Amino acid sequence: MRVPASDGRVIGLSGRALDRLMPMHLWLNPAGRIVHAGRKVRKLGGGALAGRPMEEVLEVRKPRPVRSLAELLLLDGQRLEVRLTAAPDLRFKGQAVSLPAGGGAVLDLSLGLSVVEAVSRFDLTLQDFAPTDLAVEMLYLVEAKTAVMEEYKRLNRRLNGARIDAEERAVTDTLTGLRNRRAMDGALAQMVAAARPFGLMHLDLDHFKQVNDSLGHAAGDHVLQEVGRILLEETRTADTVSRVGGDEFLVLFDGLADAARLTAIARRIIARLERPMPFDGTLCRVSASIGATLSIFYDRPDAERVLRDADAALYASKHKGRAEVSLARGGN
Amino acid sequence: MHGLINRSIQCFVQDTYGAPAWRRVAEAAGVGPEGFEALLSYEDALTERVLDALQAYLDKPRDMVLEDLGTYLVSHPTREGLRRLLRFGGETFLEFLHSLDDLAGRARLAVPELDLPELTLVAHDGGRFTLVSAWHMPWAAPLVMGVLRAMADDYGALVLLEPETGAPEHIMITLLDSRFAEGRAFALGRA
């Protein structure tokens with residue numbers, strides 16, 4: 001049997017059937033009044049809508065404002081943007097089709113992106129959506145994605161905490177809590193790149209080996225920690241204090257450009273280090289030799305050169321005897 | 001195995017039997033002190049070791065442990081999210097049963113690498129069904145059974161659930177009364 005083409009044929013659907021297929025439809029008569037409204041539109045539109053004129057219940061905004069049924073019919077089949085008077089902040093998608101023989105129109109609406117807001121505000125249930133409507137899948141996805149994003153945020157916070165810890169450990173000398181060699185290299189490179197004036201001090205303990213040999217490693221460790229504490233007390237927070245070897249320390253003074261001050265600080269540090277340090281019922285006695293330099297001694301300070309000169313000055317101090325301070329004058 | 005599943009097992013043990021119980025199980029299975037991360041992947045063998053350690057610790061058969069886990073996943077107050085997602089499956093327990101065929105697909109929509117059991121519901125006469133599960137791990141059925149038991153309570157439905165003898169991946173379901181009790185409230189929109 002041949003099935004005739006569907007174009008031009010008309011089917012009849014009961015209001016109930018229309019309700020099920022399109023829970024958000026409005027059936028309009030030729031005068032533009034509502035004959036019947038789908039279950040979901042009634043929920044959203046504030047109750048019984050039958051008999052009321054279309055323009056009282058809704059407003060078609062796009063593709064252009066509509067003031068009558070005739071104007072709506074001109075937009076037959078087009079994508080519409082519609083607002084309901086009862087919920088003017090929600091944007092609906094819609095499409096209208098004309099009924100045969102000038103019988104009015106059917107306007108079908110969809111919640112579009114307003115669905116998340118609308119289900120809460122109007123307490124919509126699964127029955128308010130046609131089984132073929134993907135809105136429920138969308139609600140499901142929104143909720144699932146929110147839960148997953150929360151997990152990602154938690155993971156991120158944990159990883160970020162671990163990263164900060166690891167970074168801190170990577171630049172810290174575990175015994176003294178001072179910065180380490182890597183941190184000092186970084187701080188010095190920054191200072192050079194920013195062309196800020198700075199002072200650099202290379203300090204090496206005297207008699208440390210004797211403390212270690214005669215009183216043991218615990219005493220040696222205690223002395224190193226005390227030296228760290230003293231160096232921190234004698235410097236400012238902007239300065240960088242690091243332990244770069246067994247009993248070797250580097251101190252970087254931010255903004256320092258005065259040779260007399262640098263020497264005075266060095267002498268004060270030595271004086272404090274020479275005070276006997278009590279440990280486990282005995283006294284540990286150490287001193288220190290210091291080599292230092294200033295960035296202003298150089299036309300174009302270079303980290304490697306400055307470090308080398310401070311080291312050479314330290315060597316000179318050691319050579320002169322203990323507890324000496326030598327200044328490298330630089331020069332290019 | 002996806003971290004979400006491992007993490008669920010960890011939370012189940014912590015919430016049900018306490019933090020010390022989890023530490024014992026984790027130690028026996030070789031899980032680090034940081035536990036499982038929900039968004040990372042782990043070797044299947046590690047999950048197996050955790051379940052082995054858990055059933056030894058609780059001195060219970062594996063199937064019973066898994067059923068308890070399944071029940072916990074939807075009924076424990078801290079697991080409200082999963083219960084809600086499952087309730088999106090339908091208005092009634094019957095609709096929910098039919099939505100189980102979509103479960104793995106829905107999970108993949110949200111978390112593409114999450115591999116849940118593929119479930120197929122076969123309807124027989126008289127409100128009887130067979131739920132067939134297929135998974136890369138052999139223990140989907142008891143886990144799903146626990147979930148079904150809790151969801152039946154959630155919908156207020158009276159059901160009979162039994163494993164099918166000789167077919168470990170089949171669950172026999174008899175829906176006796178879909179409106180047996182009040183059930184728990186569910187709104188599509190989050191309050």
Side-chain angles (χ1 to χ4, degrees), chain A residues 19-20 23-24 39-40 43-44 87 89-90 92 110-166 169, chain B residues 2-8 10-11 32-42 73-74 78-96 98-114 116 154-155 183-191:
Chain A
D19 250 12
R20 271 198 235 134
M24 276 197 79
R39 167 189 156 92
K40 200 165 26 167
K43 261 192 177 179
L44 268 55
D89 58 320
L90 299 182
F92 299 86
S110 151
L111 287 165
L113 290 175
S114 303
V115 66
V116 178
E117 166 70 20
V119 284
S120 300
R121 203 190 305 174
F122 299 98
D123 200 19
L124 300 180
T125 70
L126 285 171
Q127 278 169 347
D128 291 317
F129 295 89
T132 47
D133 188 346
L134 282 174
V136 174
E137 315 295 329
M138 187 169 133
L139 290 172
Y140 165 86
L141 253 188
V142 167
E143 206 158 314
K145 284 282 174 206
T146 307
V148 173
M149 286 307 290
E150 281 305 314
E151 273 303 328
Y152 270 112
K153 279 187 217 155
R154 258 199 290 277
L155 175 61
N156 246 338
R157 276 196 297 272
R158 270 197 293 272
L159 291 182
N160 200 33
R163 182 181 63 81
I164 290 168
D165 278 359
R169 271 198 302 277
Chain B
H2 198 277
L4 267 172
I5 292 170
N6 289 333
R7 177 90 190 160
S8 299
Q10 178 182 342
C11 292
E34 69 286 351
F36 288 115
E37 197 56 69
L39 296 167
L40 301 180
S41 274
Y42 299 87
L73 286 179
V74 282
T78 59
R79 303 271 120 197
E80 177 70 7
L82 184 60
R83 172 189 100 89
R84 282 190 53 80
L85 291 178
L86 289 172
R87 287 288 298 248
F88 275 94
E91 194 88 331
T92 64
F93 187 69
L94 182 60
E95 277 182 28
F96 163 74
H98 282 290
S99 77
L100 289 173
D101 288 28
D102 288 339
L103 182 75
R106 284 190 173 218
R108 266 194 303 275
L109 268 185
V111 186
E113 57 282 0
L114 178 58
L116 290 190
D154 213 273
Y155 277 100
R184 279 171 73 191
F186 172 72
L188 276 185
R190 257 182 186 291

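Within every chain, numbering begins at 1; the chains are lettered A, B, ... in the order of the sequence lines, protein sequences first and strands thereafter. The model shown is predicted, which means the values in this text are computed figures rather than measured ones.
With sequence neighbours left out, the ring pair (Phe, Tyr, Trp, His ring centres under 6.0 Å) criterion links B/Tyr42 to B/Phe36. Under the rule for a ring pair (Phe, Tyr, Trp, His ring centres under 6.0 Å), A/Phe129 has no partner lying at least two apart in sequence or in another chain.
Only the side chain of B/Glu37 has a heavy atom closer than 4.5 Å to any heavy atom of chain A. Heavy atoms closer than 4.5 Å to chain B are found nowhere in A/Arg121, neither backbone nor side chain. Neither the backbone nor the side chain of A/Phe122 comes within contact range of chain B, judged by heavy atoms closer than 4.5 Å. Contacts between A/Leu139 and chain B at a heavy-atom distance below 4.5 Å involve backbone atoms as well as side-chain atoms.
Considering only heavy-atom pairs separated by less than 4.5 Å from chain B, the leading option among A/Leu126, A/Thr146, A/Val142, A/Val119 is A/Leu126. For the set B/Glu91, B/Glu95, B/Arg87, the entry with the most heavy-atom pairs within less than 4.5 Å of chain A is B/Glu91.
Across every non-hydrogen atom of A/Thr125 and B/Leu188, the tightest pair is C-CD1, 3.7 Å. In terms of heavy atoms, A/Ser120 sits closest to B/Gly189 at OG-CA, 3.5 Å. Residues B/Ala187 and A/Asp123 come closest through the heavy atom pair CB-OD1, 4.2 Å.
The local environment of CG in A/Leu113 is sparse, with at most 12 non-hydrogen atoms from other residues, nucleotides or ligands closer than 6.0 Å.
In this structure, B/Phe88 and A/Glu137 have side chains that are not in contact, with every pair of non-hydrogen atoms separated by 4.5 Å or more.
Judged purely by atom type and a 3.5 angstrom limit, A/Tyr140 uses its side chain to pair as donor or acceptor with the backbone of B/Arg106.
To the nearest 0.5 Å, atom CD of residue A/Gln127 and atom OG1 of residue B/Thr92 are 9.0 Å apart.
Ion pairing between B/Arg7 and A/Glu151 fails under the 4.0 Å rule for side-chain N and carboxylate O.
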